[in-house]
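All remarks here apply to the structure that follows.
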Amino acid sequence: MHGGGGKIAPFLPRLLTMPRERGRPPYADVLTPAEWRVVEAVRHGMTNPTIARRQGVSLDAVKYHVANALQKLGLSSRAELRRWDGVRRDSPLFRKELPMNSNVSLGVIGQIARTVKDIEAARRWYGEVLGLAHLHSFGNLAFFDCGGLRLYLSEGDGAAAESILYFRVDDVRSAHAVLSQRGVEFLNAPHMVHRHDDGTEEWMAEFRDNEDRPLAIMAQVSAAP
């Protein structure tokens, strides 16, 4: 199976023949770059207001992109969009074959997430007071190194939230497929949460354990062939 999955290809002929607004360049992908950014945020579980705030766009623009994506993909709800497993064509993951290894096992925890009320105050406290090595920040997110384990801080609404354990896997799509076959119910399809300046992408998919506690799988996808 091609890295992009069989669900994207059927839309391409129709997409490429659709009339376009004057001056807008044609896209070889099923979604435009702006639509992809919004769809990835939806698959991550963000609300429209949160997406608008983090991406610096209007709420109406977010609603417009969500509606366009649902129409193009033939989906009827936001819940279906969260579980849609498409991969954008400019991602290195699109070009990779999908390995099906039934021996997928989780062992290495690569990241722990924690919600904070004030990301700037938390960044100073964890970095300057605790002395953790700051890896990078973008928007209301900050990442620190804890001896090889990554601490992921995100600004929330102040409500108490459980920390999320992220298990590192070699291939996020293969792990998602195998664990799903074992009965794991994922909250969303594997989706890209960030692309670094060197092209390396961060991918993840969330699920819950037998007592409804949050867990996730994560993987880095290198831009290098």
When you look at Glu35 and Lys72, which way does the side chain to side chain contact (heavy atoms under 4.5 Å, CB included) test go after all the steps? CA-CA 11 Å; Glu35 288 165 353; Lys72 289 180 178 180; 2.8 Å; yes
Worked check of side chain to side chain contact (heavy atoms under 4.5 Å, CB included) between Met218 and Trp203: CA-CA 6 Å; Met218 60 178 287; Trp203 283 74; over 6 Å; no
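- Heavy-atom minimum distance, His134 versus Phe144: CA-CD2, 3.6 Å.
- Listed here is the closest heavy atom pair of Arg123 and Ser137: NE-OG, 3.0 Å.
- Classification of the Phe143-His136 ring pair by plane angle, with boundaries at 30° and 60°, yields tilted.
- Rounding to the nearest 0.5 Å places CG of Leu132 at 8.0 Å from CG of Asp145.
- If you check the side chains of Gln220 and Glu202, you find a donor sitting under 3.5 Å from an acceptor.
- Looking at every heavy atom in both residues, Arg78 comes nearest to Asn48 through NH2-OD1, 2.8 Å.
- Follow the hydrophobic side-chain contacts under 4.5 Å out from Leu153 and you never reach Leu135; the two are in separate clusters.
- The shortest side-chain heavy-atom distance between Phe186 and His176 falls under the 4.5 Å cut-off.
- Here the side chains of Arg173 and Asp85 are not in contact, with every heavy-atom distance at 4.5 Å or above.
- The shortest distance between side-chain heavy atoms of Ile217 and Met204 does not fall below 4.5 Å.
- Annotation: side chain of Val42 is in contact with side chain of Val66 (closest heavy-atom distance under 4.5 Å).
- Although no hydrogens or angles enter the test, the distance criterion places no donor-acceptor pair under 3.5 Å between the side chain of Gln71 and the main chain of Ala67.
- Annotation for Val221 and Pro92: closest pair CG1-CG, 3.7 Å, computed over non-hydrogen atoms.
- Taken from CG in Leu215 to CZ in Phe207, the straight-line distance is 4.5 Å, to the nearest 0.5 Å.
- Residues Leu130 and Leu141 do not share a hydrophobic cluster, clusters being chains of Ile/Leu/Val/Met/Phe/Trp/Tyr side chains in contact below 4.5 Å.
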Please output the side-chain donor-acceptor pairs of residues 52-62 that fall under 3.5 Å, not counting sequence neighbours, one pair per line with the distance.
residue, atom, partner, partner atom, Å
Gln55, NE2, Arg37, O, 3.1
Ser58, OG, Ala61, N, 3.0

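- Residues Arg114 and Tyr126 have side chains in contact (heavy-atom distance under 4.5 Å, counting atoms from C-beta outward).
- Within the structure, salt bridge (Lys or Arg N to Asp or Glu O under 4.0 Å) contacts touching residues 212-222 (residues at least two apart or in different chains) are Glu162-Arg213, Arg208-Asp212, Glu211-Arg213.
- Atom-to-atom distance recorded for Leu106:CG and Leu165:CG is 11.0 Å, nearest 0.5 angstrom.
- The shortest heavy-atom contact between His44 and Val193 is ND1-CG1, 3.6 Å.
- The nearest pair of heavy atoms linking Phe94 to Arg88 is CB-O, 3.5 Å.
- Side chain of Thr50 to backbone of Met46: no donor-acceptor contact under 3.5 angstrom is found.
- Side-chain contact check for His194 versus Phe138: some heavy-atom pair is nearer than 4.5 Å.
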Verdict with reasoning, Leu149 to Ile112, per side chain to side chain contact (heavy atoms under 4.5 Å, CB included): CA-CA 8 Å; Leu149 178 67; Ile112 296 178; 3.8 Å; yes
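- For the pair Ile109/Tyr166, no side-chain contact is recorded, criterion being any heavy-atom separation below 4.5 Å from C-beta on.
- Side chain of Gln181 to main chain of Val178: no donor-acceptor pair is present (N/O by atom type, distance under 3.5 Å, no hydrogens or angles).
- Between the side chains of Arg195 and Thr200, no donor-acceptor pair of N or O atoms lies under 3.5 Å.
- Residue Asn188 forms a side chain to side chain donor-acceptor pair (under 3.5 Å) with just one option from Glu206, Glu40, Arg83, and that option is Glu206.
- More than 12 heavy atoms of other residues, nucleotides or ligands sit less than 6.0 Å from atom CG of Asp90.
- Annotation: the span from Leu70 atom CG to Trp84 atom CH2 amounts to 10.5 Å, rounded to 0.5 Å.
- Leu187 and Val172 sit in two unconnected hydrophobic clusters of ILVMFWY residues. Membership requires side-chain heavy atoms under 4.5 Å apart, directly or through other members.
- The distance from atom OG of Ser91 to atom CE of Met192, rounded to the nearest 0.5 Å, is 6.0 Å.
- A distance of 9.5 Å separates CD in Glu201 from OG in Ser222, rounded to the nearest 0.5 Å.
- Hydrophobic cluster membership is shared by Val169 and Leu179, with clusters built from Ile, Leu, Val, Met, Phe, Trp and Tyr side chains linked at under 4.5 angstrom.
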